[in-house]
Protein chains: 2
Amino acid sequence: MARPRKTQQIDIRARAIAETIRLLDEKAATAITLSEVAVAVGCRAPALYTHFANKDALLRAVHDAGFRMMLEEKLALAARHEGDAFARLREGGHAYLRFAFERPGLYRLMFSPPPLVVTDENPFATDAGAACLAALRSAVRSCQAAGYLPAEDDAQTAFTLWAAVHGAASLVLQDRAPAADRDGARAAAMATVDMLMGFIGATRPPLS
Amino acid sequence: MARPRKTQQIDIRARAIAETIRLLDEKAATAITLSEVAVAVGCRAPALYTHFANKDALLRAVHDAGFRMMLEEKLALAARHEGDAFARLREGGHAYLRFAFERPGLYRLMFSPPPLVVTDENPFATDAGAACLAALRSAVRSCQAAGYLPAEDDAQTAFTLWAAVHGAASLVLQDRAPAADRDGARAAAMATVDMLMGFIGATRPPLS
DNA sequence: CAATTAATTTAATTTTGTTAAGTTTCATCA
DNA sequence: TGATGAAACTTAACAAAATTAAATTAATTG
(Lines give C-alpha, C1' and ligand atoms only; values in the text may rest on other atoms or scores of the structure.)
Protein backbone atom coordinates (compact mmCIF):
# COMPACT_ATOMS: atom_id res chain seq x y z
CA MET A 1 0.00 0.00 0.00
CA ALA A 2 2.26 2.71 -1.23
CA ARG A 3 -0.26 5.47 -1.15
CA PRO A 4 -2.66 5.11 1.79
CA ARG A 5 -6.39 5.06 1.21
CA LYS A 6 -8.07 8.31 1.91
CA THR A 7 -9.98 6.82 4.83
CA GLN A 8 -6.81 5.94 6.66
CA GLN A 9 -4.82 9.00 5.81
CA ILE A 10 -3.12 10.91 8.59
CA ASP A 11 -2.25 14.58 8.56
CA ILE A 12 1.47 14.06 8.44
CA ARG A 13 2.31 17.73 8.52
CA ALA A 14 0.32 18.52 11.65
CA ARG A 15 1.32 15.33 13.42
CA ALA A 16 5.01 15.79 12.62
CA ILE A 17 4.94 19.24 14.17
CA ALA A 18 3.08 17.99 17.24
CA GLU A 19 5.34 14.98 17.75
CA THR A 20 8.45 17.06 17.29
CA ILE A 21 7.24 19.43 19.98
CA ARG A 22 6.80 16.43 22.24
CA LEU A 23 10.21 15.01 21.39
CA LEU A 24 11.83 18.38 22.07
CA ASP A 25 11.13 17.92 25.75
CA GLU A 26 13.14 14.71 25.75
CA LYS A 27 16.11 15.75 23.65
CA ALA A 28 17.63 18.64 21.75
CA ALA A 29 16.63 19.38 18.17
CA THR A 30 19.94 18.12 16.77
CA ALA A 31 19.45 14.82 18.55
CA ILE A 32 15.99 14.24 17.11
CA THR A 33 16.15 12.16 13.93
CA LEU A 34 13.64 12.21 11.14
CA SER A 35 13.16 8.47 11.58
CA GLU A 36 12.12 9.08 15.15
CA VAL A 37 9.63 11.70 14.07
CA ALA A 38 8.35 9.42 11.34
CA VAL A 39 7.83 6.53 13.75
CA ALA A 40 5.96 8.80 16.13
CA VAL A 41 3.81 10.05 13.27
CA GLY A 42 3.22 6.60 11.83
CA CYS A 43 5.06 6.78 8.51
CA ARG A 44 8.58 6.50 7.07
CA ALA A 45 11.17 9.25 7.05
CA PRO A 46 11.03 10.07 3.32
CA ALA A 47 7.30 10.73 3.63
CA LEU A 48 8.19 13.80 5.64
CA TYR A 49 9.83 15.26 2.56
CA THR A 50 6.45 15.53 0.89
CA HIS A 51 5.49 18.04 3.58
CA PHE A 52 8.77 19.70 4.51
CA ALA A 53 11.71 20.59 2.29
CA ASN A 54 14.16 19.17 4.81
CA LYS A 55 14.79 18.83 8.54
CA ASP A 56 15.42 22.53 8.99
CA ALA A 57 12.09 23.29 7.38
CA LEU A 58 10.35 20.97 9.84
CA LEU A 59 12.11 22.65 12.76
CA ARG A 60 11.23 26.05 11.36
CA ALA A 61 7.58 24.99 11.15
CA VAL A 62 7.75 23.90 14.79
CA HIS A 63 9.36 27.22 15.65
CA ASP A 64 6.51 29.06 13.91
CA ALA A 65 3.90 26.90 15.61
CA GLY A 66 5.48 27.80 18.95
CA PHE A 67 5.10 31.48 18.29
CA ARG A 68 1.50 31.00 17.21
CA MET A 69 0.76 29.17 20.47
CA MET A 70 2.41 31.96 22.40
CA LEU A 71 0.44 34.59 20.52
CA GLU A 72 -2.85 32.82 21.24
CA GLU A 73 -2.10 32.73 24.94
CA LYS A 74 -1.08 36.37 24.86
CA LEU A 75 -4.29 37.47 23.18
CA ALA A 76 -6.44 35.38 25.51
CA LEU A 77 -4.72 36.89 28.51
CA ALA A 78 -5.05 40.42 27.17
CA ALA A 79 -8.78 39.89 26.85
CA ARG A 80 -8.93 38.89 30.51
CA HIS A 81 -7.23 42.10 31.66
CA GLU A 82 -9.03 44.73 29.66
CA GLY A 83 -9.25 47.12 32.53
CA ASP A 84 -6.00 47.14 34.45
CA ALA A 85 -3.00 47.93 32.23
CA PHE A 86 -0.46 47.48 34.99
CA ALA A 87 -1.84 44.08 35.93
CA ARG A 88 -1.94 43.06 32.29
CA LEU A 89 1.77 43.73 31.99
CA ARG A 90 2.59 41.79 35.16
CA GLU A 91 0.38 38.84 34.35
CA GLY A 92 1.71 38.82 30.83
CA GLY A 93 5.23 38.44 32.18
CA HIS A 94 4.26 35.60 34.47
CA ALA A 95 2.30 33.84 31.75
CA TYR A 96 5.26 34.17 29.40
CA LEU A 97 7.51 32.43 31.88
CA ARG A 98 4.98 29.69 32.54
CA PHE A 99 4.81 29.09 28.80
CA ALA A 100 8.58 28.70 28.65
CA PHE A 101 8.78 26.43 31.67
CA GLU A 102 5.95 24.18 30.53
CA ARG A 103 7.57 23.58 27.14
CA PRO A 104 11.29 24.10 27.70
CA GLY A 105 12.32 22.24 24.58
CA LEU A 106 9.98 24.17 22.34
CA TYR A 107 10.97 27.46 23.93
CA ARG A 108 14.64 26.74 23.31
CA LEU A 109 13.94 26.03 19.67
CA MET A 110 11.92 29.21 19.34
CA PHE A 111 14.87 31.27 20.47
CA SER A 112 17.77 29.40 18.93
CA PRO A 113 16.06 28.69 15.67
CA PRO A 114 17.40 26.62 12.81
CA PRO A 115 18.61 28.51 9.74
CA LEU A 116 15.75 30.08 7.86
CA VAL A 117 14.65 28.01 4.93
CA VAL A 118 14.75 30.07 1.77
CA THR A 119 11.29 30.75 0.41
CA ASP A 120 10.02 33.27 -2.05
CA GLU A 121 7.86 35.08 0.46
CA ASN A 122 8.73 37.55 3.15
CA PRO A 123 9.34 35.52 6.31
CA PHE A 124 8.08 38.27 8.59
CA ALA A 125 4.79 38.74 6.79
CA THR A 126 3.26 35.92 8.83
CA ASP A 127 5.59 35.99 11.80
CA ALA A 128 3.67 35.40 15.00
CA GLY A 129 6.74 36.51 16.94
CA ALA A 130 6.33 40.00 15.57
CA ALA A 131 2.65 39.87 16.51
CA CYS A 132 3.63 38.91 20.08
CA LEU A 133 5.85 41.95 20.26
CA ALA A 134 3.04 44.09 18.87
CA ALA A 135 0.70 42.81 21.59
CA LEU A 136 3.25 43.69 24.24
CA ARG A 137 3.63 47.10 22.69
CA SER A 138 -0.06 47.70 22.98
CA ALA A 139 0.06 46.74 26.67
CA VAL A 140 2.89 49.22 27.11
CA ARG A 141 0.82 51.97 25.53
CA SER A 142 -2.04 51.22 27.90
CA CYS A 143 0.39 51.56 30.79
CA GLN A 144 1.69 54.81 29.43
CA ALA A 145 -1.88 56.06 29.20
CA ALA A 146 -2.25 55.16 32.87
CA GLY A 147 0.70 57.36 33.71
CA TYR A 148 3.45 54.77 34.02
CA LEU A 149 6.71 54.55 32.13
CA PRO A 150 8.41 57.21 30.01
CA ALA A 151 5.73 58.61 27.73
CA GLU A 152 7.54 58.25 24.44
CA ASP A 153 9.08 55.27 22.67
CA ASP A 154 6.66 52.44 23.31
CA ALA A 155 8.53 50.21 20.87
CA GLN A 156 11.77 50.57 22.75
CA THR A 157 10.07 49.99 26.07
CA ALA A 158 8.32 46.87 24.80
CA PHE A 159 11.61 45.54 23.48
CA THR A 160 13.30 46.16 26.82
CA LEU A 161 10.59 44.33 28.72
CA TRP A 162 10.56 41.40 26.32
CA ALA A 163 14.33 41.21 26.52
CA ALA A 164 14.24 41.07 30.30
CA VAL A 165 11.62 38.36 30.53
CA HIS A 166 13.03 36.31 27.67
CA GLY A 167 16.49 36.64 29.20
CA ALA A 168 15.21 35.32 32.50
CA ALA A 169 13.56 32.34 30.81
CA SER A 170 16.65 31.67 28.74
CA LEU A 171 19.04 31.77 31.69
CA VAL A 172 16.82 29.52 33.78
CA LEU A 173 16.53 26.96 30.99
CA GLN A 174 20.32 26.87 30.87
CA ASP A 175 20.71 26.44 34.61
CA ARG A 176 22.26 29.86 34.89
CA ALA A 177 19.96 31.16 37.58
CA PRO A 178 21.48 31.59 41.04
CA ALA A 179 19.31 28.99 42.72
CA ALA A 180 19.80 25.59 44.18
CA ASP A 181 17.02 23.70 42.48
CA ARG A 182 14.69 23.94 39.52
CA ASP A 183 11.85 25.53 41.42
CA GLY A 184 14.16 28.08 42.97
CA ALA A 185 15.42 29.05 39.54
CA ARG A 186 11.89 29.45 38.23
CA ALA A 187 10.97 31.53 41.24
CA ALA A 188 13.96 33.78 40.50
CA ALA A 189 12.64 34.33 36.99
CA MET A 190 9.19 35.16 38.31
CA ALA A 191 10.79 37.56 40.77
CA THR A 192 12.48 39.26 37.83
CA VAL A 193 9.05 40.23 36.52
CA ASP A 194 8.06 41.53 39.93
CA MET A 195 11.23 43.58 40.21
CA LEU A 196 10.61 45.12 36.79
CA MET A 197 7.05 45.91 37.76
CA GLY A 198 8.48 47.58 40.84
CA PHE A 199 10.68 49.75 38.62
CA ILE A 200 7.73 50.55 36.38
CA GLY A 201 5.53 51.36 39.34
CA ALA A 202 8.14 53.86 40.47
CA THR A 203 7.99 55.67 37.13
CA ARG A 204 4.52 56.96 37.95
CA PRO A 205 4.66 60.45 39.36
CA PRO A 206 3.17 60.36 42.87
CA LEU A 207 -0.45 61.41 43.03
CA SER A 208 -0.57 64.97 44.12
CA MET B 1 54.98 10.20 10.24
CA ALA B 2 52.13 8.94 12.35
CA ARG B 3 53.16 10.66 15.52
CA PRO B 4 54.70 14.07 14.84
CA ARG B 5 58.11 14.96 16.20
CA LYS B 6 58.04 17.08 19.25
CA THR B 7 59.60 20.02 17.42
CA GLN B 8 56.73 20.20 14.97
CA GLN B 9 53.92 19.46 17.36
CA ILE B 10 50.99 21.83 17.48
CA ASP B 11 48.69 22.45 20.42
CA ILE B 12 45.68 20.80 18.86
CA ARG B 13 43.40 21.48 21.79
CA ALA B 14 44.03 25.23 21.94
CA ARG B 15 44.03 25.64 18.18
CA ALA B 16 40.83 23.63 17.73
CA ILE B 17 39.05 25.91 20.19
CA ALA B 18 40.41 29.05 18.54
CA GLU B 19 39.59 27.89 15.02
CA THR B 20 36.10 26.82 16.04
CA ILE B 21 35.48 30.26 17.49
CA ARG B 22 36.55 31.71 14.18
CA LEU B 23 34.39 29.31 12.19
CA LEU B 24 31.40 30.13 14.38
CA ASP B 25 31.25 33.56 12.82
CA GLU B 26 30.84 32.01 9.39
CA LYS B 27 28.34 29.27 10.17
CA ALA B 28 26.32 27.70 12.96
CA ALA B 29 27.78 25.07 15.24
CA THR B 30 25.78 22.26 13.64
CA ALA B 31 27.13 23.21 10.23
CA ILE B 32 30.76 23.07 11.33
CA THR B 33 32.29 19.66 10.62
CA LEU B 34 35.17 18.15 12.50
CA SER B 35 37.05 17.79 9.22
CA GLU B 36 36.81 21.52 8.73
CA VAL B 37 38.14 22.16 12.20
CA ALA B 38 40.90 19.64 11.62
CA VAL B 39 41.95 21.27 8.36
CA ALA B 40 42.05 24.67 10.03
CA VAL B 41 44.11 23.23 12.85
CA GLY B 42 46.43 21.29 10.56
CA CYS B 43 45.58 17.69 11.38
CA ARG B 44 42.96 15.01 10.57
CA ALA B 45 39.57 14.71 12.19
CA PRO B 46 40.29 11.63 14.32
CA ALA B 47 43.21 13.45 15.94
CA LEU B 48 40.65 15.69 17.63
CA TYR B 49 39.38 12.68 19.54
CA THR B 50 42.64 12.53 21.48
CA HIS B 51 41.77 15.93 22.93
CA PHE B 52 37.95 15.93 23.03
CA ALA B 53 35.59 13.05 23.73
CA ASN B 54 33.40 14.04 20.78
CA LYS B 55 32.06 17.03 18.91
CA ASP B 56 29.87 18.12 21.78
CA ALA B 57 32.88 18.13 24.07
CA LEU B 58 34.73 20.41 21.65
CA LEU B 59 31.76 22.76 21.52
CA ARG B 60 31.48 22.70 25.28
CA ALA B 61 35.15 23.65 25.54
CA VAL B 62 34.51 26.54 23.17
CA HIS B 63 31.52 27.53 25.30
CA ASP B 64 33.70 27.54 28.40
CA ALA B 65 36.43 29.53 26.65
CA GLY B 66 33.80 32.09 25.70
CA PHE B 67 32.80 32.59 29.31
CA ARG B 68 36.43 32.92 30.35
CA MET B 69 36.93 35.64 27.73
CA MET B 70 33.82 37.40 28.97
CA LEU B 71 35.00 37.17 32.56
CA GLU B 72 38.38 38.67 31.69
CA GLU B 73 36.74 41.63 30.01
CA LYS B 74 34.40 42.06 32.93
CA LEU B 75 37.22 42.12 35.46
CA ALA B 76 39.30 44.52 33.36
CA LEU B 77 36.36 46.86 33.07
CA ALA B 78 35.60 46.68 36.77
CA ALA B 79 39.16 47.78 37.49
CA ARG B 80 38.66 50.82 35.28
CA HIS B 81 35.57 51.95 37.18
CA GLU B 82 36.63 51.57 40.78
CA GLY B 83 35.06 54.80 41.87
CA ASP B 84 31.67 55.18 40.24
CA ALA B 85 29.37 52.23 40.91
CA PHE B 86 26.55 53.55 38.74
CA ALA B 87 28.86 54.09 35.77
CA ARG B 88 30.37 50.66 36.29
CA LEU B 89 26.97 49.09 35.92
CA ARG B 90 26.13 51.08 32.79
CA GLU B 91 29.49 50.53 31.12
CA GLY B 92 29.32 46.86 32.06
CA GLY B 93 26.04 46.56 30.21
CA HIS B 94 27.37 48.26 27.12
CA ALA B 95 30.57 46.22 27.14
CA TYR B 96 28.51 43.04 27.47
CA LEU B 97 26.55 43.90 24.35
CA ARG B 98 29.69 44.83 22.42
CA PHE B 99 31.10 41.43 23.37
CA ALA B 100 28.02 39.70 21.98
CA PHE B 101 27.94 41.74 18.78
CA GLU B 102 31.63 41.33 18.05
CA ARG B 103 31.42 37.54 18.32
CA PRO B 104 27.83 36.67 17.50
CA GLY B 105 28.57 33.04 16.71
CA LEU B 106 30.42 32.47 19.94
CA TYR B 107 27.78 34.29 21.94
CA ARG B 108 25.05 32.11 20.47
CA LEU B 109 26.96 28.99 21.39
CA MET B 110 27.50 30.28 24.93
CA PHE B 111 23.76 30.62 25.43
CA SER B 112 22.41 27.69 23.48
CA PRO B 113 25.08 25.28 24.57
CA PRO B 114 25.50 21.71 23.38
CA PRO B 115 24.45 19.01 25.85
CA LEU B 116 26.80 18.83 28.79
CA VAL B 117 29.38 16.12 28.39
CA VAL B 118 29.26 13.80 31.33
CA THR B 119 32.36 14.07 33.46
CA ASP B 120 33.14 13.01 36.98
CA GLU B 121 33.66 16.54 38.23
CA ASN B 122 31.20 19.24 39.15
CA PRO B 123 30.69 21.35 36.03
CA PHE B 124 30.09 24.51 38.04
CA ALA B 125 33.28 24.25 40.04
CA THR B 126 35.22 26.01 37.29
CA ASP B 127 32.35 27.76 35.57
CA ALA B 128 33.39 31.22 34.41
CA GLY B 129 29.73 31.99 33.77
CA ALA B 130 29.07 31.82 37.49
CA ALA B 131 32.07 34.07 38.07
CA CYS B 132 30.62 36.59 35.61
CA LEU B 133 27.41 36.63 37.59
CA ALA B 134 29.39 37.04 40.81
CA ALA B 135 31.18 40.06 39.31
CA LEU B 136 27.87 41.61 38.37
CA ARG B 137 26.60 40.93 41.86
CA SER B 138 29.50 42.82 43.33
CA ALA B 139 28.74 45.79 41.05
CA VAL B 140 25.15 45.66 42.27
CA ARG B 141 26.30 45.77 45.88
CA SER B 142 28.41 48.84 45.15
CA CYS B 143 25.37 50.50 43.67
CA GLN B 144 23.30 49.58 46.68
CA ALA B 145 25.98 51.11 48.89
CA ALA B 146 25.62 54.28 46.81
CA GLY B 147 21.93 54.37 47.61
CA TYR B 148 20.48 52.91 44.41
CA LEU B 149 18.26 49.86 44.00
CA PRO B 150 16.32 47.98 46.65
CA ALA B 151 18.72 47.39 49.50
CA GLU B 152 18.23 43.67 49.91
CA ASP B 153 18.60 40.76 47.53
CA ASP B 154 21.67 41.61 45.47
CA ALA B 155 21.64 38.15 43.87
CA GLN B 156 18.13 38.58 42.55
CA THR B 157 18.90 42.07 41.28
CA ALA B 158 22.04 40.89 39.52
CA PHE B 159 20.08 38.08 37.89
CA THR B 160 17.41 40.49 36.69
CA LEU B 161 19.97 42.81 35.14
CA TRP B 162 21.84 39.98 33.48
CA ALA B 163 18.58 38.60 32.14
CA ALA B 164 17.65 41.95 30.64
CA VAL B 165 20.95 42.53 28.91
CA HIS B 166 21.36 38.94 27.76
CA GLY B 167 17.81 38.98 26.51
CA ALA B 168 18.50 42.09 24.46
CA ALA B 169 21.61 40.52 22.94
CA SER B 170 19.79 37.30 22.25
CA LEU B 171 16.83 38.96 20.53
CA VAL B 172 19.07 41.15 18.40
CA LEU B 173 21.14 38.18 17.28
CA GLN B 174 17.91 36.53 16.16
CA ASP B 175 16.68 39.56 14.28
CA ARG B 176 13.85 40.01 16.74
CA ALA B 177 14.58 43.62 17.54
CA PRO B 178 12.10 46.16 16.20
CA ALA B 179 14.55 47.88 13.91
CA ALA B 180 15.10 48.15 10.20
CA ASP B 181 18.77 47.32 9.95
CA ARG B 182 21.54 45.69 11.96
CA ASP B 183 22.84 48.88 13.45
CA GLY B 184 19.36 49.96 14.46
CA ALA B 185 18.84 46.67 16.25
CA ARG B 186 22.12 47.02 18.08
CA ALA B 187 21.23 50.55 19.06
CA ALA B 188 17.94 49.25 20.47
CA ALA B 189 19.88 46.82 22.64
CA MET B 190 22.17 49.58 23.87
CA ALA B 191 19.11 51.69 24.61
CA THR B 192 17.80 48.84 26.73
CA VAL B 193 20.75 49.31 29.04
CA ASP B 194 20.12 53.03 29.20
CA MET B 195 16.47 52.49 30.00
CA LEU B 196 17.35 50.10 32.81
CA MET B 197 19.84 52.59 34.17
CA GLY B 198 17.06 55.14 34.09
CA PHE B 199 14.91 52.82 36.20
CA ILE B 200 17.78 52.23 38.58
CA GLY B 201 18.54 55.93 38.81
CA ALA B 202 14.93 56.48 39.84
CA THR B 203 15.31 54.05 42.75
CA ARG B 204 17.57 56.49 44.55
CA PRO B 205 15.63 58.56 47.06
CA PRO B 206 15.97 62.20 46.08
CA LEU B 207 18.65 64.08 47.99
CA SER B 208 16.98 66.03 50.71
C1' DC C 1 68.11 -0.48 24.59
C1' DA C 2 63.77 -2.95 25.03
C1' DA C 3 59.23 -2.30 26.05
C1' DT C 4 55.46 0.39 26.82
C1' DT C 5 52.80 4.44 26.14
C1' DA C 6 51.23 8.43 23.43
C1' DA C 7 49.92 10.92 19.33
C1' DT C 8 48.84 10.67 15.20
C1' DT C 9 47.54 8.58 10.55
C1' DT C 10 44.58 5.94 7.19
C1' DA C 11 40.85 2.74 6.78
C1' DA C 12 36.46 1.10 8.18
C1' DT C 13 31.92 1.56 10.37
C1' DT C 14 27.65 3.73 11.59
C1' DT C 15 24.26 7.00 11.72
C1' DT C 16 21.29 9.94 9.50
C1' DG C 17 19.77 13.28 6.16
C1' DT C 18 18.45 13.12 1.57
C1' DT C 19 17.40 11.46 -3.22
C1' DA C 20 15.81 7.91 -6.57
C1' DA C 21 12.84 4.50 -8.21
C1' DG C 22 8.79 1.96 -7.73
C1' DT C 23 3.83 1.23 -6.21
C1' DT C 24 -0.77 2.26 -5.14
C1' DT C 25 -4.51 5.51 -4.85
C1' DC C 26 -6.95 9.50 -6.32
C1' DA C 27 -8.75 12.88 -9.62
C1' DT C 28 -9.89 14.27 -14.15
C1' DC C 29 -11.57 14.02 -18.55
C1' DA C 30 -12.80 11.89 -22.98
C1' DT D 1 -16.55 4.17 -17.23
C1' DG D 2 -11.98 3.54 -18.17
C1' DA D 3 -7.50 5.51 -19.34
C1' DT D 4 -4.12 8.74 -17.85
C1' DG D 5 -1.52 11.60 -15.13
C1' DA D 6 -0.64 13.50 -10.62
C1' DA D 7 -0.16 12.74 -5.62
C1' DA D 8 1.39 10.38 -1.56
C1' DC D 9 3.41 7.11 -0.11
C1' DT D 10 6.90 2.94 0.05
C1' DT D 11 11.56 0.59 -0.16
C1' DA D 12 16.19 1.00 -1.84
C1' DA D 13 20.17 3.59 -2.64
C1' DC D 14 23.35 7.40 -1.71
C1' DA D 15 26.25 10.69 0.61
C1' DA D 16 28.11 13.27 4.30
C1' DA D 17 29.82 13.35 8.69
C1' DA D 18 30.65 11.49 13.31
C1' DT D 19 32.92 7.95 15.40
C1' DT D 20 35.77 3.73 16.04
C1' DA D 21 39.48 0.42 14.66
C1' DA D 22 43.89 -0.74 13.10
C1' DA D 23 48.34 0.63 11.92
C1' DT D 24 52.46 3.52 12.43
C1' DT D 25 55.91 6.24 14.43
C1' DA D 26 57.81 8.99 18.28
C1' DA D 27 58.62 9.59 23.09
C1' DT D 28 59.36 7.85 27.64
C1' DT D 29 60.78 4.84 31.11
C1' DG D 30 62.93 1.22 33.55
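Lettering of chains follows the sequences in order, A, B, ..., and the numbering in each one begins at 1.
- Side-chain contact check for A:M69 versus A:R103: some heavy-atom pair is nearer than 4.5 Å.
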Worked check of salt bridge (charged side-chain N to carboxylate O under 4.0 Å, His left out) between B:E102 and B:R98: CA-CA 6 Å; B:E102 280 168 13; B:R98 277 196 303 275; 5.0 Å; no
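- First and last contacts of DNA chain D with chain B, using any nucleotide atom under 4.0 Å from a protein heavy atom and ordered 5' to 3', fall at D:dA17 to D:dT28.
- With rounding to whole Å, B:D11 atom CG is found 12 Å from C:dA7 atom P.
- For the pair A:E36 CD and C:dT15 C1', the interatomic distance rounds to 12 Å; values are reported in whole Å.
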Working for salt bridge (charged side-chain N to carboxylate O under 4.0 Å, His left out), residues B:R90 and B:D84: CA-CA 10 Å; B:R90 186 185 56 237; B:D84 190 343; 5.9 Å; no
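- Rounded to a whole Å, the CG atom of A:L58 is 14 Å from the C1' atom of C:dT16.
- The phosphate of C:dG17 has OP1 or OP2 within less than 4.0 Å of a side-chain N or O from A:K55.
- Using a 4.0 Å heavy-atom criterion, one finds that A:I32 contacts the sugar-phosphate atoms exclusively.
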Could you write out each protein N or O paired with an N or O of nucleotides 22-24 of chain C at a distance under 3.5 Å?
none

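- Note: B:Y96 and B:Y107 have perpendicular aromatic rings, judged against thresholds of 30 and 60 degrees for the angle between ring planes.
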List the atom pairs, donor and acceptor, that lie under 3.5 Å between side-chain atoms in residues 131-140 of chain B and the rest of the protein, sequence neighbours left out.
from	atom 1	to	atom 2	distance (Å)
B:R137	NE	B:D154	OD2	3.0
B:S138	OG	B:R88	NH2	3.3

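- In this structure, B:F67 and B:H63 have perpendicular ring planes: the angle between them is above 60°, well past the 30° mark.
- Distances shown here put a side-chain N or O of B:R44 below 4.0 Å from the OP1 or OP2 atom of C:dT10.
- A:D56 places its CG atom 11 Å from the P atom of C:dG17, with the value rounded to the nearest Å.
- Taking atom NZ of residue A:K27 and atom P of nucleotide C:dT16, one finds them 9 Å apart after rounding to whole Å.
- In plain terms, the two heavy atoms of B:V172 and B:A185 that are nearest each other are CG2-O, 3.4 Å.
- Rounded to whole Å, atom P of C:dA20 lies 12 Å from atom OH of A:Y49.
- At least one side-chain heavy atom of A:F199 sits less than 4.5 Å from a side-chain heavy atom of B:L149.
- Residue order along DNA chain D, read from the 5' end via each residue's closest nucleotide, puts B:S35 first among B:S35 and B:K6.
- The residue A:T33 sits close only to the backbone: its heavy atoms come under 4.0 Å of sugar-phosphate atoms, none of a base.
- If you run side chain to side chain contact (heavy atoms under 4.5 Å, CB included) between A:I21 and each of A:L23, A:D25, A:I17, only A:I17 comes through.
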